[in-house]
Participant: 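Here it is: the structure, laid out below.
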Amino acid sequence: MALGRKPIEIVNDGKHQLLSKAKHWDRIYLQEVAKIQNGYAFSSDYFTKGEGMPLIRIRDIESETTVDSFNGPYSKDFIVKKGDILIGMDGDFKISRWKGKDAVLNQRVCRIIPNSSKFDSKFLYICIQPYLDAIHAETSAVTVKHLSSKTIGEIPLPYPPLPEQKAIVSKIEELFSELDNGIAQLKTAQEQLKVYRQSLLKWAFEGKLTNKNLKDGELTKGWKLTKLGDYLENINSGKSYRCDERPPNNDEVGIIKVSSVTWGNFDEMESKTCFSNNLYNSNYLVKKDDFLFSRANTVEFIGACVIVNKVDKKLMLSDKILRFKFSQDLLKEYTLHYLRSREGRKQIVNLSTGNQDS
């Protein structure tokens, strides 16, 4: 369904804080500072997978490429250039600048073409998304929400003087640049921490963390090689049930997915809902402090292990997740670190067989 009221009415309600403006600014409707061009209803008879012009559909607007191409006749008026402003008119109502090469504009996507010398195009782009979010929130729908070009044209944008628009854009770009640099530095630091963590674990399990004079290949006095099974009282797993893919509510019984056990904490939301509470078996119930081990996954995550920090839902083990019960609690933490070390991972991968379940 489409919006049943005008955007200015949504703004005047005052419920959406990002639609506010400075008191000394005016407002101006988007259609007064830009042209709104609807995409064309290209015939699907000419849709291809790579032959012809890239065809921009709603799912493509935030990408650099398109899923489909169009190999039929088209007008140059519908050719989208890199940097053009696009809005998806169904679903989530997202705005984006086109990042790919020349493409044709399909229906249910519109292009915003700034045409006013008194309204900065960058400022226009920055302003629009909060209005689209508010319109989306106010649009009722049984299935997919729809946005009209008329509604887009009636968006009452803030209208500061042009020098102030440019100053705002400049400051936002400066802050975004600092943010991007901060994110890049954080990613670099995270990668460095991964390397340091693996080095630390290597030294720990070679004995060099507590004995710096130990030579390569030697074991610290009193150490010995042993099998994990020698320190386990029990290993068990659950069963495979046909389930609803959504996580269970508090009054329902769930089964954990393999994705609940990765290299972070236990994620109880990565679970499925049993179709019947009669499947509940307390022997399979996941509890706080359980040591869980993924025995079936991709190469990256097979052998992933976690100690359950908390679990609020009634969740059971699946057949792909093992639970280890240790003879001593201290061994639980020690084993977790070892299995996450490079040497531990190497042993797990070498022991794994067949095609891992995803």
Side-chain angles (χ1 to χ4, degrees), residues 194 197-198 201 204-205 225-358:
K194 286 181 182 178
R197 183 177 184 278
Q198 285 299 325
L201 290 174
F205 295 114
L225 296 176
T226 188
K227 294 180 180 179
L228 174 61
D230 294 341
Y231 298 95
L232 295 178
E233 291 184 2
N234 185 39
I235 301 176
N236 72 322
S237 63
K239 291 185 177 181
S240 176
Y241 297 111
R242 190 171 64 87
C243 296
D244 189 341
E245 287 299 318
R246 65 175 175 81
N249 296 320
N250 290 336
D251 59 343
E252 296 175 311
V253 175
I255 300 288
I256 60 175
K257 301 179 182 178
V258 291
S259 50
S260 68
V261 178
T262 57
W263 299 118
N265 292 321
F266 172 70
D267 186 356
E268 65 178 345
M269 293 305 294
E270 288 296 314
S271 54
K272 300 181 288 187
T273 301
C274 293
F275 286 115
S276 171
N277 284 356
N278 293 332
L279 297 176
Y280 174 69
N281 186 327
S282 61
N283 293 325
Y284 302 147
L285 190 65
V286 177
K287 301 181 291 294
K288 185 178 183 298
D289 296 326
D290 277 353
F291 186 107
L292 303 182
F293 179 95
S294 175
R295 71 177 185 87
N297 208 321
T298 60
V299 173
E300 180 185 1
F301 291 112
I302 190 168
C305 49
V306 297
I307 296 175
V308 177
N309 55 327
K310 76 178 189 70
V311 55
D312 297 320
K313 297 179 180 294
K314 190 182 292 185
L315 299 176
M316 297 189 298
L317 294 169
S318 74
D319 60 329
K320 297 180 175 64
I321 302 294
L322 302 177
R323 173 167 50 198
F324 295 170
K325 184 176 181 181
F326 290 84
S327 57
Q328 300 176 39
D329 281 342
L330 180 62
L331 291 170
K332 186 188 299 183
E333 299 282 352
Y334 183 88
T335 302
L336 178 75
H337 290 305
Y338 180 75
L339 293 180
R340 290 183 170 188
S341 71
R342 185 176 289 110
E343 180 59 30
R345 293 290 307 138
K346 181 180 177 181
Q347 290 193 49
I348 290 169
V349 172
N350 288 340
L351 290 170
S352 65
T353 59
N355 295 318
Q356 282 75 46
D357 297 326
S358 58

Participant: Of all residues at least two apart in sequence or in a different chain, which pass the side-chain hydrogen bond (donor to acceptor under 3.5 Å, both in side chains) check with K227?
Facilitator: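 If we apply the side-chain hydrogen bond (donor to acceptor under 3.5 Å, both in side chains) test to K227, skipping adjacent residues, there are no hits.
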
Participant: Is there side-chain contact between N283 and N236, with at least one heavy-atom pair below 4.5 Å?
Facilitator: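 In short, these two side chains do not touch, never coming nearer than 4.5 Å.
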
Participant: Heavy-atom count check: over 12 atoms from other residues, nucleotides or ligands less than 6.0 Å from N234 CG?
Facilitator: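 Enclosed.
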
Participant: Calculate, to the nearest 0.5 Å, the distance between atoms CG and CG belonging to L331 and L232 respectively.
Facilitator: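 If we round to the nearest 0.5 Å, L331:CG and L232:CG are 8.5 Å apart.
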
Participant: For F266, which residues count as a ring-ring contact (aromatic ring centres under 6.0 Å, His included) partner, sequence neighbours excluded?
Facilitator: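 F266: no ring-ring contact (aromatic ring centres under 6.0 Å, His included) contacts found.
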
Participant: Once rounded to the nearest 0.5 Å, what's the spacing between atom NZ of K272 and atom CD1 of I256?
Facilitator: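 Going from NZ on K272 over to CD1 on I256, the span is 10.5 Å.
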
Participant: Could you list all the salt bridge (charged side-chain N to carboxylate O under 4.0 Å, His left out) pairs where at least one residue sits in residues 246-256, not counting sequence neighbours?
Facilitator: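 Every pair satisfying salt bridge (charged side-chain N to carboxylate O under 4.0 Å, His left out) with a residue in residues 246-256: D244-R246, R246-E252.
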
Participant: Taking the side chain as every heavy atom from C-beta outward, state whether M316 and C274 have any pair of such atoms under 4.5 Å apart.
Facilitator: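 When only atoms from C-beta onward are counted, C274 and M316 do touch, with a gap below 4.5 Å.
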
Participant: How about C305 and R340: do any of their side-chain heavy atoms sit closer than 4.5 Å?
Facilitator: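 C305 reaches R340 side chain to side chain.
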
Participant: When you compare the side chain of L228 with that of F326, does any pair of heavy atoms fall below 4.5 Å?
Facilitator: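 Yes. Closest side-chain heavy atoms under 4.5 Å.
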
Participant: Would you say that I321 contacts S294 through its side chain, given a criterion of any heavy-atom pair below 4.5 Å between the two side chains?
Facilitator: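 In contact.
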
Participant: Please check: side-chain N/O of E268 versus main-chain N/O of L315, any donor-acceptor pairing under 3.5 Å?
Facilitator: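 It does not hold such a pair.
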
Participant: Return the NZ to CG distance between K288 and N309, rounded to the nearest 0.5 Å.
Facilitator: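 Separation between the atoms: 7.5 Å.
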
Participant: Could you check R323, K332, K325 and say which one makes a side chain to side chain donor-acceptor pair (under 3.5 Å) with D290?
Facilitator: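 Result: among R323, K332, K325, R323 is the only option passing the side chain to side chain donor-acceptor pair (under 3.5 Å) with D290.
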
Participant: Between D312 and K310, which heavy-atom pair has the shortest distance, and what is it?
Facilitator: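 Looking at all heavy atoms of both residues, the shortest contact is OD2-NZ, 3.1 Å.
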
Participant: So how far is it from K320 NZ to S259 OG, rounded to the nearest 0.5 Å?
Facilitator: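 K320 atom NZ to S259 atom OG measures 11.5 Å (nearest 0.5 Å).
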
Participant: Backbone N or O of P248 within a donor-acceptor pair of the K314 side chain at under 3.5 Å?
Facilitator: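 Checked: no pair found.
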
Participant: With heavy-atom distances below 4.5 Å as the criterion, would you say the side chains of F293 and I348 are in contact?
Facilitator: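 F293 vs I348: side chains touch.
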
Participant: Checking S352 side chain against V349 main chain: does a donor-acceptor pair fall under 3.5 Å?
Facilitator: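 Yes; at least one donor-acceptor contact below 3.5 Å.
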
Participant: Using a 4.5 Å cut-off on heavy atoms from C-beta on, say whether the side chain of L317 contacts that of V286.
Facilitator: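 Side-chain contact under 4.5 Å: yes.
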
Participant: Looking at OH of Y241 and CG of D319, how far apart are the two atoms once the value is rounded to the nearest 0.5 Å?
Facilitator: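 It comes to 10.0 Å.
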
Participant: To the nearest 0.5 Å, what is the distance between OH on Y280 and CG on N278?
Facilitator: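 Rounded to the nearest 0.5 Å, the OH-CG separation comes to 13.0 Å.
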
